[in-house]
Amino acid sequence: MKKDKILEVRNLKKYFSLEKGKVLKAVDDVSFDIYKGETFGLVGESGCGKSTTGRTIIGLYDATEGEVSYSGKNVHTQTDKEKRSFYSKMQMIFQDPYASLNPRSTVREIIAEPMEAHGLYKDKIEQLERIYQLLEDVGLNRDHANRYPHEFSGGQRQRIGIARALALNPEFIIADEPISALDVSVQAQIVNLLKKLQKEKGLTFLFIAHDLSMVKHISNRIGVMYLGHIVELTESSDLYKKPLHPYSQALLSAIPIPDPDVEDERERMILKGEIPSAMNPPSGCVFRTRCPAAMDACATTVPKWHEAEKDHFVACHLYNKTIRKDTDEVAATK
Ligand code: SF4
């Protein structure tokens, strides 16, 4: 794949001010790039900040600090005219297709809405033809155009959400847990649809999910998030073959393997305890309160983000030779 950067996220922070001066650090210094035509998966447990990252990138939230550049332009300092053009290039698919579709509008009106907001298709017949085409692109048909969202199944409603996201011919789509609310049997159909559309339309995806098993089938690279931080980032195949961060190892060990013999034999890494509050994150490594490999240094020193293997980045002291050496020396004297 030719590596043209389309999105650059640098030191992005999104903090929410709460009552009594408390601050929730939902996204805390996150950096990554997304290349044209790829699918970048962002995974982690609920509350890790992955959806807030997506929403801050597209401008639904103002960033507290940091920069997001799309095709080389900072998206948060654009003029209104530039923002309109940016929003036509970057679209979002939401987790709950029912909540994101207006129940009083027909499918035709739902898909036409962004077209009208952006002044596309002055000719209504041309607009209708485009709506029919989009419905066919997502596996529905023109007869569905005059129906209402409640007349569809969850999977069909997500297809309508995808058709609406495609209405402005975007280049980049943020899919925020697009399959989490769907039955398992339907999840694979939606993932396959997204893959097909990516190929046909040359789309780039930021695919946000909590379930690593499905992300594997769609992502080229994956970033693993924990408590507002990206803790590991690499090619999808490398992450599945050799996860480095203890949190990624735990997430992967939770995925069932279809072979019952292998499943019975393998050791599960069960994470103890709840994810800590992002209002009061642990000192040092944010994962240390649940990490089975935590050492003394993990409580005092924030792990540095570094390339432990080629194109495989991790933030963990286990891969920091200096800290490992100090820890081993202390252990040897005990
Ligand atoms: Fe575990 Fe320490 Fe690595 Fe954090 S830095 S993941 S606590 S070993």
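In each ligand, atom 1 is the first atom listed, and ligand 1 is the first ligand listed.
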Tell me, with the steps shown, if Lys36 and Glu171 meet salt bridge (Lys or Arg N to Asp or Glu O under 4.0 Å). CA-CA 9 Å; Lys36 200 169 184 338; Glu171 302 167 343; 5.8 Å; no
Which atom pairs, one a donor and one an acceptor, fall under 3.5 Å between side chains of residues 13-27 and the rest of the protein, sequence neighbours left out?
from, atom 1, to, atom 2, distance (Å)
Lys14, NZ, Asp62, O, 2.8
Tyr15, OH, Asp28, OD1, 2.6

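For atom 2 (Fe) of ligand 1, protein N/O/S neighbours under 2.8 Å (waters excluded) are Cys298 SG.
For ligand 1 and His245, the ligand atoms under 4.0 Å from any heavy atom of the residue are 6 (S).
Residues Asn146 and Arg108 have side chains in contact (heavy-atom distance under 4.5 Å, counting atoms from C-beta outward).
Following chains of ILVMFWY side-chain contacts shorter than 4.5 Å, one can reach Leu212 starting from Phe287, so the two form part of one hydrophobic cluster.
Taking the six-membered ring wherever Trp is involved, the centroid distance between the rings of His144 and Phe152 falls below 6.0 Å.
In plain terms, the two heavy atoms of Thr289 and Pro282 that are nearest each other are CG2-CG, 3.9 Å.
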